[in-house]
There are 2 protein chains.
Amino acid sequence: MNLRQLAAHPGLSPTTVSRALNGYPEVGAATRARVAEAAHRHHYRPNTRAKGLATGRAMAIGHVIPTRSRHEIVNPIFADFISGAGERYAAAGYDLLLSVVPDADEARAYRDLKARGTVDGLIVHAPRAEDARIALLHEIGLPFVVHGRSTGAALPYSRVDVNNLRAFRRATEFLIDLGHRRIALVNGLEAMDFALRRRQGYLQALETRGIAADPALMTSGEMTETNGYRAGRAMLAAPDPPTAAVVSSIIMAIGLRRAAEERGLKLGRDVSVVTHDDDLSYLRNGEDDVPMFTATRSSVREAGRIAAEMLLERIRSPGQAPATRLLRAGLVLGQSTGPAPRGARSG
Amino acid sequence: MNLRQLAAHPGLSPTTVSRALNGYPEVGAATRARVAEAAHRHHYRPNTRAKGLATGRAMAIGHVIPTRSRHEIVNPIFADFISGAGERYAAAGYDLLLSVVPDADEARAYRDLKARGTVDGLIVHAPRAEDARIALLHEIGLPFVVHGRSTGAALPYSRVDVNNLRAFRRATEFLIDLGHRRIALVNGLEAMDFALRRRQGYLQALETRGIAADPALMTSGEMTETNGYRAGRAMLAAPDPPTAAVVSSIIMAIGLRRAAEERGLKLGRDVSVVTHDDDLSYLRNGEDDVPMFTATRSSVREAGRIAAEMLLERIRSPGQAPATRLLRAGLVLGQSTGPAPRGARSG
DNA sequence: GAGTCGGCCCAAAACGTTTTGAATGCGGCG
DNA sequence: CGCCGCATTCAAAACGTTTTGGGCCGACTC
């Protein structure tokens, strides 16, 4: 059903029908009603491409999710983040365009999206320190919002982020307060900015309390269950094992728990763990009674919603100064932490 | 950079440039080279919307992922499935459009996509038995491929699926062979077709071996860690607890393991578990040495790749008879299964 | 009663491509 | 020499919208 065909029915011109549907004032109330009725009856929807061509807007937001080419791991938080964002896009009449590209091709993907005019703006995922994409997007001239931060970026940018540094410092201090001295850090890939900042928070806490950081207790890698397990197995088998750990992802924490239990160690009694918890919908921590894990919690779905709103606002009124929304990850007490064992295994 | 602007540069008409770029034969070799060079130099990409308008094709595939409005859980397999599919779309020059809609609005979402001409085809996720969407899409006239099956659907349709019934029958038989008699089923939502068929497989195995099914041992729900935990906790606390379970998702299995360990029971010794394993990229079962879980394994990312290819083929040559690709989930031996305890706790 | 203004509507241009239909120039053939 | 066919190229229409620039008519002002 065309606009022309739709217009022919009540015997009007396409112009008038278009105006009636888009709420322009210069159309009579009676006609507007007739048009609305006809449109409804024929299930009329304006053709996206034609409308976009005429208005110059794509009414779509792009999410470029980079795939580290080696092992093709897709971060499980994407699903929840995108579902949060998608909800807001839908409400505003925007589509969501997903681009899964090997990270080597990422720059080209951005340029393409702009040149082809496919999207009106985009979300930048998994930023690194001094992330090159920020300069690139400024150059290209596409509105964007970063999920996370990029320390040292030369140009300003909008972002929604979690107070990673503070959260991890608090988590580490909490463990220290419980008497732990050998505390491991099981981190995400430290090429990522969020991981860097969590590490800083961890280090600051140790330093403030006069505990020397031990490189043997710090590990970093893709946030998979296997990597959590590996880290746990290696550290717990070492001569002077940690009595506690701060962990960057609940999935890694599950791997770590597996490694502990394999050695007959119980979380919260023999080994304490504080993990970051993105509040993934299929992996709720503490949906029943006491949470399994003590955690720094921040809903990534909520972050998606906020990022979407910020981006839509940037598109609506360009030229605004970049904004920052900081989500605070609260420390949630669970069963995975407890006082350091007396005369800890650390000897 | 326009087509017109691009054409002005080497002093050609838009027509010729368009033809040169799209590989039509009626353009001289020399001109074609000149055009290619100019296009490359100016990073020219044809405007998606204009191209789509002219050709009548959107060069985009839609994925409608329904959100059960109550708790907004997004199935964790979507990320991997979509990443597999997206890879193939990209290779074929297609975009991926994601629609996150409350399942009540799903029909309208499909009609909209068609009416607005936003996509050339789509993937149907999480089909139910006699799923209404199949008839709807036939009526609408959009090519589609179903991920899964819809038993009892009146009309034919293309699909890629796993042999759920056989896999779960085998898994159950395997446990029976190990001496287990009280075997639980921790299933996904049985509104979903895949869950129905897994249940059938489970029941068939019990029946064949002359074991009466016990409703108290069968549970069904959203595939979250919490639900796995709840099922495990309830069943293991019951008077006549199961010695084994078949589980529909590795995430539920992790919850089940947690419940078992809470009672001091060890998987593979006190309780045996066979779980389905979608080979999620961040939750690999058996990346190191022996798999944690004995599992029916089938890569959902691979399913995504195949579904994408089938759909693109359907779009390329319409009118083909619907096709079916059946992936076989092999039974992978892990540490979570062992012989039934002698004089099992079943008393 | 003439002129002006507002309300309502329409024809045509524009967005950036592809595709149709036709034009140009050139060599070869009769 | 005239015609034909071929290889190239181009102008214009088309895709389905929005937007620009009027046009018409009745009511109001003086």
Side-chain angles (χ1 to χ4, degrees), chain A residues 1-39 42-60 93-95 112-120, chain B residues 1-36 38-39 42-60 93-95 111-120:
Chain A
M1 170 69 39
N2 259 359
L3 183 63
R4 194 194 320 266
Q5 294 164 6
L6 179 65
H9 204 275
L12 290 168
S13 80
T15 308
T16 305
V17 174
S18 169
R19 285 186 158 144
L21 292 175
N22 291 313
Y24 283 72
E26 58 271 75
V27 43
T31 349
R32 167 160 296 149
R34 267 196 306 155
V35 168
E37 192 275 335
H42 295 86
H43 297 106
Y44 171 77
R45 300 278 140 171
N47 181 291
T48 309
R49 302 187 296 275
K51 182 164 189 158
L53 192 53
T55 59
R57 281 168 306 154
M59 295 305 280
Y94 278 75
D95 288 326
D112 265 30
L113 286 177
K114 169 65 173 186
R116 291 167 39 211
T118 327
V119 301
D120 297 321
Chain B
M1 171 70 36
N2 260 357
L3 184 63
R4 196 193 319 266
Q5 294 164 5
L6 180 65
H9 205 276
L12 290 168
S13 78
T15 309
T16 305
V17 173
S18 169
R19 286 187 157 143
L21 291 176
N22 291 314
Y24 283 71
E26 58 273 74
V27 43
T31 353
R32 165 160 297 149
R34 265 196 308 156
V35 168
H42 295 86
H43 297 107
Y44 171 77
R45 300 278 142 170
N47 180 291
T48 309
R49 300 187 296 275
K51 183 165 188 157
L53 191 54
T55 58
R57 281 169 305 154
M59 294 306 280
Y94 278 75
D95 288 326
R111 287 191 196 280
D112 265 28
L113 285 177
K114 168 66 174 187
R116 290 167 40 212
T118 327
V119 301
D120 297 322

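Chain letters run A, B, ... following the sequence lines, proteins first, then strands; residues in each count from 1.
When the C1' atom of D/dT17 is taken as reference, atom CG of A/N2 falls 9 Å away, rounded to whole Å. B/R32 has its CZ atom 10 Å from the P atom of D/dT8, to the nearest Å. As rounded to whole Å, 10 Å separates atom P of C/dC15 from atom CD of B/Q5. Rounded to whole Å, the distance from CE on B/M1 to P on C/dC15 is 15 Å.
At least one donor-acceptor pair under 3.5 Å links the side chain of A/R34 to the backbone N or O of A/P10.
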**Request:** Let me see the working for A/D120 and A/R57 under salt bridge (Lys or Arg N to Asp or Glu O under 4.0 Å), right down to the final yes or no.
**Result:** CA-CA 6 Å; A/D120 297 321; A/R57 281 168 306 154; over 6 Å; no
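Between A/L53 and A/G28, it is A/G28 whose nearest contact on DNA chain C lies nearer the 5' terminus. Positionally, the nearest nucleotide of DNA chain C for A/T31 lies more toward the 5' end than for the other of A/T31 and B/R49.
Rounded to 10 degrees, the angle separating the terminal helix axes of the helix from C/dG1-D/dC30 to C/dG30-D/dC1, each built from five base pairs, is 70°.
Between A/N47 and the phosphate of D/dT17, there is no side-chain N or O to OP1/OP2 separation shorter than 4.0 Å.
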Protein-nucleic acid N or O pairs under 3.5 Å, nucleotides 18-21 of chain C:
{"from": "C/dT18", "atom 1": "OP1", "to": "B/N22", "atom 2": "ND2", "distance (Å)": "3.0"}
{"from": "C/dT18", "atom 1": "OP2", "to": "B/S18", "atom 2": "OG", "distance (Å)": "2.4"}
{"from": "C/dT19", "atom 1": "OP2", "to": "B/Y24", "atom 2": "OH", "distance (Å)": "2.6"}
{"from": "C/dT19", "atom 1": "O4", "to": "B/T15", "atom 2": "OG1", "distance (Å)": "3.3"}

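Looking at residues two or more places apart in sequence or on another chain, you find no side chain to side chain donor-acceptor pair (under 3.5 Å) involving A/T31. Partners of A/E26 under the side chain to side chain donor-acceptor pair (under 3.5 Å) rule, at least two apart in sequence or in another chain, do not exist in this structure. Take B/T55 and apply the side chain to side chain donor-acceptor pair (under 3.5 Å) test, not counting sequence neighbours, and it matches no residue.
Nearest to the side-chain atoms of B/T16 among the listed nucleotides C/dC10, D/dT9, D/dT17 stands D/dT9.
Looking at heavy atoms from C-beta onward, A/T16 lies out of side-chain contact with A/V35 at the 4.5 angstrom threshold.
The line from CG of B/L113 to CG of A/D95 is 7.5 Å long, rounded to the nearest 0.5 Å.
Among residue pairs with one or both ends in residues 5-39 of chain A, those qualifying as ring-ring contact (aromatic ring centres under 6.0 Å, His included) are A/H9-A/H42; sequence neighbours excluded.
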